[in-house]
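Here the structure is laid out as structure tokens; the discussion comes afterwards.
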Amino acid sequence: MKLYSTLTRDKRDFEPAGDAVTMYVCGITASNSSHVGHALSSVVFDVLHRYLEYRGYAVRRVQNFTDVDDKIIARANAEGLSPEEVAEKYVQEFFRDMDDLNVRRATEHPRATNEIPGIIRMIEGLIEKGNAYPAADESGNVYFRVHSNPEYGKLSGRTVEELLEGVRIDVEPGKEAPPDFALWKASKPGEPSWDSPWGPGRPGWHIECSAMALEYLGETIDIHGGGLDLAFPHHENELAQSECFTGQKPFARFWVHNGLLRLDGAKMSKSLGNLVTVRDALDGYSADAIRMYILTSHYRGPLLYDEDNIGTQERASRRLRQAANVASRADSGKSVDPAPFREHFVEVMDDDLNTPQGLAVIFDLAHEINRGRDAGHEIGAAQAVLRELSDVLGLTLAEPEASEAGLSDADVEARLVSRTEARSNREFAAADAIRDELIAAGIAIEDGPGGTTWSRV
RNA sequence: GGCGACGUAGCCAAGUGGUCCAAGGCAGAGGUUUGCAAAACCUCCAUUCGGCGGUUCGAAUCCGCCCGUCGCCUCCA
């Protein structure tokens, strides 16, 4: 397949360098509930993982948790918990949210605090090679020496000179130069800390991802993923550290960045406070609808969070569900051939994971299945392919579950018996009253030649 | 200020030189079906791709300018 890489700024043929595709995706900082921007990124890389497997590759995907940083410490102080407890709480919440979105777990979910020895080894190595230095002011901080790496800036398309023009770079006392960034941060009293050759402290944000990628996937990885907002400075720094430390280039063969979710015209972000949590979204909409909403636009473009538009996907997902599940009388002696649809799906998905077109192919197949059903053709094989392709996009095609407050299956069946009896007596007013009650309870019914069927909407 | 992305029907959104002068979803109109519905099916729904110029036999697709929206440059998926 072809994949776009931010580093080369073009689409190139993708093949893994080794037996399995190695993929590192930046995960969350466990300081707060996950928001729908995290859902977007997670769904995109979940689909990339699923699709690569569908194409026959083994995939090793690593997604980290940053479980120590300033925000977690601040949160812990605010909630009266330890930083470890705060991180654990939000890690578990992330897993629940992503499970409910049908995002498959990564092969590994390492946490920064479990990787301290590897991080320290990496920092030591960078110091030995002259790419890093302990702060001159004896603060116990260690910084990466940006000027030691002539290629710095190649991912984000910036030069060190341009960065120096930015007026908002803090000049910390121990730094040699403003663009230098922290690899190791000395801890303040009461903060979580680990012993190191430079005194007690904790890792900087960028180095942990370099260390975890190296530990779990090796010196060169096939795909490095994350949100576009991480391209600079996080990925730029990660790239510089990793290539300087290992001497191997490239650190990542493909840099894949998803576009950002916007809310009311602005990026959804922690600093702006315009967050909608994954749980909020799941309370209002099904996982299939949320995923379809994300996948109807290309992953590299921006996406506006719009609940009305997610709602329309609810109806669209129902269309797929019906096509996949309703049987045909299959008496025509003909059958719907799904092979061309599968081929077309692969063709469009091979082009930089074009999920909007992939979905369009799935809808075309659904349409063909419905036509075939009306004509009495055999559609079982086509329905199996519909489910197969939907699964590549992580769509379950599952019916909504009965809510505690609503009608149970038995309740519905009992009412339908009454309604059928009323209809056979041509008591349509009574029959329609039952139907209205069921519709109000979220039950759709359909009268067909073979009797009445129902489903939850 | 520097760097970058985008602007396609009522809404969302593919398509980046002819081989599709524009996919798919939602909404809408008419019809088939139905006791009436719902779902499904059939037909229709952008002579046009922000504006103005240019390149080309040919452009939504390339180039220039203009208008508008957004991102990164600071923690962020």
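Note on naming: letters A, B, ... go to the chains in the order of the sequence lines (proteins, then strands), and numbering restarts at 1 for each one.
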Taking atom C1' in both A9(B) and C26(B), what distance in whole Å separates the two? 13 Å
Verify stack between F363(A) ring and G24(B) base, 5.5 Å, 30 degrees: no
Just call it for R158(A): base, sugar-phosphate, or nothing, with non-hydrogen atoms closer than 4.0 Å on any strand. base
Using a heavy-atom cut-off of 4.0 Å across all strands, would you classify D70(A) as base, sugar-phosphate, or nothing? nothing
In whole Å, measure the gap between the P atoms of G31(B) and A14(B) for me. 35 Å
Under 4.0 Å, heavy atoms only, any strand: does G27(A) hit a base, just the sugar-phosphate, or nothing? sugar-phosphate
Mind checking N309(A) for me? I need base, sugar-phosphate or nothing, with any heavy atom below 4.0 Å counting as a touch. sugar-phosphate
With a cut-off of under 6.0 Å to the ring centre and 45° to the axis, is R61(A) in cation-pi contact with F45(A)? no
Just call it for A444(A): base, sugar-phosphate, or nothing, with non-hydrogen atoms closer than 4.0 Å on any strand. nothing
Determine the Euclidean distance between corresponding C1' atoms of G28(B) and C11(B); express it in Å to zero decimal places. 12 Å
For H234(A), answer base if it contacts any base atom (sugar-phosphate contacts may also be present), sugar-phosphate if it contacts only those atoms, and nothing otherwise; contact means non-hydrogen atoms under 4.0 Å. nothing
Modelled atom types, side-chain donor and acceptor of Y216(A) and R60(A), under 3.5 Å: no
I'd like the P distance from G51(B) over to A38(B), given in whole Å. 39 Å
Taking the P atom of each, how far is A27(B) from C63(B), in whole Å? 38 Å
With sugar-phosphate meaning primed atoms plus P, OP1 and OP2, does R300(A) contact a base, only sugar-phosphate, or nothing at under 4.0 Å between heavy atoms? nothing
Which nucleotide wins on minimum distance to the side chain of C26(A), given the candidates C36(B), A13(B), A77(B)? A77(B)
Describe the nucleic acid contact of G226(A) in one word from base, sugar-phosphate, nothing, applying a heavy-atom distance below 4.0 Å. sugar-phosphate
Check: T312(A) main-chain N/O paired with Y293(A) side-chain donor or acceptor under 3.5 Å: no
For G18(B) versus C62(B), give the span between their C1' atoms, rounded off to a whole number of Å. 14 Å
Given that both pair distances must be under 3.5 Å and the pair must be Watson-Crick or G-U, what runs of three or more consecutive pairs involve RNA chain B? B:1-7 with B:67-73, B:10-12 with B:24-26, B:28-32 with B:40-44, B:50-54 with B:62-66
Thinking salt bridges, do R371(A) and D374(A) make one under a 4.0 Å N-O criterion? no
Please classify the nucleic acid contact of R75(A) as base, sugar-phosphate, or nothing, using heavy-atom distances under 4.0 Å. nothing
